[in-house]
Amino acid sequence: MNYIPHTAEDISRMLSVIGVKEIDDLFKDIPASLRPKSFDLPAAKSEFEVTRSLRLLSGKNASGLVNFVGAGFYDHFIPAAVDSLSGRAEFYTAYTPYQPECSQGWLQAIYEYQSIICELTGMDVSNASLYDGGTALFEAMMIALRQTGRKKVILDSGVSLIYRTMLYTYTSNLSIEFVEIPVAHGQSCRKELLKYLDDKTAAVVFQNPNFFGAVDDYSDMVEEVHRRGALAVASVYPVSLGMLKTPGEMGFDIATGEGQSLGIPLSFGGPYLGFMAVRNDLLRQMPGRIVGATVDSEGRRGFVLTLQTREQHIRRHKATSNICSNEALCALRAAIFISLLGRGGFRELAERNYQKAEFAKDVLSRIEGVEVKRSSPTFNEFTVCLPCRADEAVNRMVEKGFACGFPLGRFYKGMDNYLLIAVTEKRTKEEIRRLADSLEAVI
Amino acid sequence: MKLIFEEDKEGRQGFSYGASDVPAAKPLPEKYRRKEQASLPSLSELDVVRHFTNLSRLNFSVDTNFYPLGSCTMKYNPKFTERVAAFEGFSQMHPLLPQLSGGGMLAQGSLEVLYGLEKLLSEITGMSAFTLQPMAGAHGELTGAMLIAAYHKKRGDRRKYVIVPDSSHGTNPSSAAIAGYEIKVIPTGPDGYMDLEEYRKNLNTDVAAVMLTCPDTLGIFNPRIKEIADMAHAAGALMYYDGANLNALLGKARPGDIGFDLMHINLHKTFGTPHGGGGPGAGPVGVSSALEPFLPISRVIRRADGTFALDYNYPESIGYIAPFYGNFGVLLKAYAYILALGKEGLIRTAEIAVLNANYCLARLKKYYELPFDKACMHECVFSASKQSENGVHALDIAKYLIDRGFHPPTIYFPMIVKEALMIEPTETESKETLDAFIDIMIEIAALAKDDPSAVTRAPLNTPVKRLDETRAARQPDLRWKRP
Amino acid sequence: MDILKDLFYTKDHEWARIEGNSAYVGITEYAAHSLGDITFVELPKPGEALKQESYCATVESVKAASEVYAPFSGKVISVNSQLSSNPELVNQSPYDKGYFFLMELSDPAEKARLMDAESYRKYTEGLSK
């Protein structure tokens, strides 16, 4: 199957216009010595054949487990209208809106997305999206390094290990000094942090809720960070912002996060949505595309890509970032998702997640030998300590039809018995009760 | 159109999660709660549907318009790949599931897709192995630059520079700089090829790598590419292939055979996954065997029993560049696309893409200046320099094309061509479509002589006329604010 | 294109007006015109030490960003704060209201390396050929 419309007659007429005999003449610049040594690929298949074989493959995934795994990536309900609207080909088969007059739909949608991100985070300005929450955190750190001219970064250990290891990879040639502040009872050790915070610190990074699900108010820490002339960077879970104090309210300079929970399927790790919003004075340090409103020659409102001099296609090696393609379609999904939910629906979503997780805590804490960690308030995810290895319990739970949580021993030494459990609005009371009953049976 | 915020009405709610089936819990302490609620738009579902449907109609797209945006390969994106990516077995997979139970037995389907795609891409490009994790072309370049650094570091070799030609995509120097390299830029000679003398002068043992795209951004295949690679290797530098223009080479040449050590592919260009209004894309990076130990983890392996697993045991790996396995949904669509086209379909893709570009070149070269008069590969680059003498610039031509229903070619790039018109028709466009586009381009050339203002006043038929970009930059208005 | 007599010029199109031991610095009308509508100017901080011919400011239009190099070595005394809200002054009045900053000269003899108005006029004519 291919999608080429040319008839034999078309081809011969085109060749004669070009003035060559055969198609191969068009490739004469490629010397014979550089022709492929091998091109051993399968023969073409029909749409039906490929669809059938991939349907079969999809069946080999255990996608039907009742999901209590979160760890930064959540199983939320996606209203049908998100799929049907973002699936309009006028959106998904267009590209970056370089020509504004024929891209007003995209440009306005991104402007609306930027506005929504600002409203959620309580920050001043947002860009048009980044790849994911981890690369967004890296870009935020780069802003802080440029802005302060300093080289030291303090990471709270409550920041997802997935993101911390990404930061280490990206900076391996940049001589950045990293300090990790331990977490005690699920929360940031403020005293430890103050020990390391100094005039050489470019950025301090927190996550809220942190990886263990604990919710905090970092306002006091942000104040300390600013006193030292450093920037405070937050990585946040957007659904929690229907309820939790925002990075803006806490005084953070940069808010980033993973936007997957806003109407984007889990899809085995991507495509996801990195978002970033900053205070006004960091605007020109922001990476990526930004859409702005302006007027046309008749005074009507219209939208354009703006402040492009920050970007790689103009400033090349001095750009604020190398990003070109971003995750626009995922940003669109987020904008549609939020618009469908509205103020009320979004608050309801946050409250429902909180309520269900509290219910699950309550039910699980009644199991003998299971300790629900309660030293900090949580949003929709929490830590429990089992009387056995958590990874083994998880394996046994798979057989009962549950992905019952994330075993923290995979990321943290000494936490082999700890399980991180996420409860979204999709989990029913009955599923939560069955989770508890099954867990009781396997531990 | 109104902003969605301007369609808001207090008291209207389009969506509800229904009654809660769990008892009310003790509320979260006030200290942790947001004080000011987000001013999100509240509309009925129909309002939202109408808003975004009407917005979509203000866009040009491949499905509605010919979109010859040079360097972006805006080919037709087969619909069936969307259906495949939406299979619940794929779309509902939590990425941490393989971390739970014995090496990925819960994700055999997804892992097989990744494994299969890696093998196909390796064969198509002549590379030894791929990482599928980079989430866009530029992300692939950054990954590549980190691989280059790891390779030299392992050899105890501290190298400072990356060489790029002045015709390169802006992402090349930018990606290398973010990985810590300084940039040396080689000018393009009068023949349209990279100036080999300058290149020779700049090559030394301080150069870590040479980043090139081939065919280059002028759409020209440099017949001396092998020599360029050999010179780099003689100086101990690596050759990086920017795969943005791979569409022209499918089955005709492989970067690995030419002597490139590493490369990225933009799956959203060559392998037909939708561009999504600016993304998501995917930028897998392929490497020669010498660089394979440094690839990011995790990697997907096939065990002796035929099952698939994630392997983290690569002590020389640069580490983690993505949270998981890349933009899986995009990778899956590219996999389906390659399986459908098969060997012959891929070869035919390159052939017809090049035929279409050369047809545009042949029919238009009487009317527009060709800065480098050569046969092209998948795209051709004209200059509107003749027309601009009469005040008709590339930008004006672009706007006139919009009025006539065609998405304009790329006009701001390559920077080395003034008034550039970079046309990449792709293989999925018919002769009839090309002829219609070419006829308008010829009409514009005539108007530029006889009635320039007919072009410079365009566009007239668009939802907005020319926008004041200076105002947008001087007085940034980047978000709606509650009045 | 206006080129003022009493100023000194660089080949990168900066100008300097010497007043005693200090100088006002800006970019020439030629530079402002070729950049098009200026949208943003990033200025050095008062007190910052500059070296002749080294980077000191950035000037941006919608689709370009250009670096500005110091015509003299010395310390920045004050900057033109008008430019942050009215970058168009660089287009409208490049030699007066659109100046960039005032600097103290550490070595006024450095002017030997700059062009006078006549040489700069010839230089720009050569560029446009």
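All chains are named by letter (A, B, ...) in the order of the sequence lines, taking the proteins before the strands, and each is independently numbered beginning at 1.
- Summarising the geometry of A/C324 relative to B/T171, their closest heavy-atom pair is CB-CG2, 3.8 Å, with the distance given to 0.1 Å.
- Heavy atoms closer than 4.5 Å to chain B are found in both the backbone and the side chain of A/L349.
- One distance of note links CE of B/M135 with OG of A/S325; it measures 12.5 Å at 0.5 Å rounding.
- Considering only heavy-atom pairs separated by less than 4.5 Å from chain A, the leading option among B/E344, B/Q92, B/M146, B/R12 is B/M146.
- Looking at residues two or more places apart in sequence or on another chain, you find a side-chain contact (heavy atoms from CB on, under 4.5 Å) between B/D477 and A/Y111, A/A293.
- Ring pair A/Y168/B/Y320: centre-to-centre distance not below 6.0 Å.
- For chain B, the nearby parts of A/E101 are the backbone and the side chain; heavy atoms of each come within less than 4.5 Å.
- For a residue to count as touching a neighbouring chain, one of its non-hydrogen atoms must lie under 4.5 Å from one of that chain's; by this rule A/D216 touches chain B with backbone and side chain alike.
- The closest donor-acceptor contact from the side chain of A/Q355 to the backbone of B/V22 lies at 3.5 Å or more, if one exists at all.
- Ring planes of B/H139 and A/Y131: tilted class, angle from 30 to 60°.
- Using a 3.5 Å distance cut-off with no hydrogens or angles, the side chains of B/H51 and A/E112 do pair a donor with an acceptor.
- Note on B/E112 versus A/K60: salt bridge recorded, some NZ/NE/NH1/NH2 to OD/OE distance being below 4.0 Å.
- Residues A/D296 and B/T462 form no side-chain contact, since every pair of their non-hydrogen atoms from C-beta on lies 4.5 Å or further apart.
- Contact of A/K318 with chain B is not made at all, since no heavy-atom distance falls under 4.5 Å.
- Side chains of A/R88 and B/S56: a donor-acceptor N/O pair is present below 3.5 angstrom, by distance only.
- Between the side chains of B/N77 and A/T93, no donor-acceptor pair is found at a separation under 3.5 Å.
- Using a 4.5 Å cut-off between heavy atoms, A/L65 contacts chain B through its side chain alone, with no backbone atom that close.
- Judged purely by distance below 3.5 Å, without hydrogens or angles, the side chains of B/R479 and A/Q114 never pair a donor atom with an acceptor atom.
- Using a 4.5 Å cut-off between heavy atoms, A/H6 contacts chain B through its side chain alone, with no backbone atom that close.
- Interface residue A/F346: only side-chain heavy atoms are found under 4.5 Å from chain B.
- Side-chain contact check for A/T294 and B/E469: no donor-acceptor pair (N or O, by modelled atom type) lies under 3.5 Å.
- Using cut-offs of 30° and 60° for the angle between ring planes, the A/Y95 and B/H268 rings count as tilted.
- A donor-acceptor contact closer than 3.5 angstrom links the side chains of A/N322 and B/S175.
- Interface residue A/I290: only side-chain heavy atoms are found under 4.5 Å from chain B.
- In this structure, B/K343 does not pair ionically with A/D40, as no charged nitrogen and carboxylate oxygen lie closer than 4.0 Å.
- Seen from the ring of A/F27, B/K252 counts as a face-on cation partner, given the 6.0 Å and 45° thresholds.
- In this view, A/Y163 satisfies the side chain to side chain donor-acceptor pair (under 3.5 Å) rule with no residue, not counting sequence neighbours.
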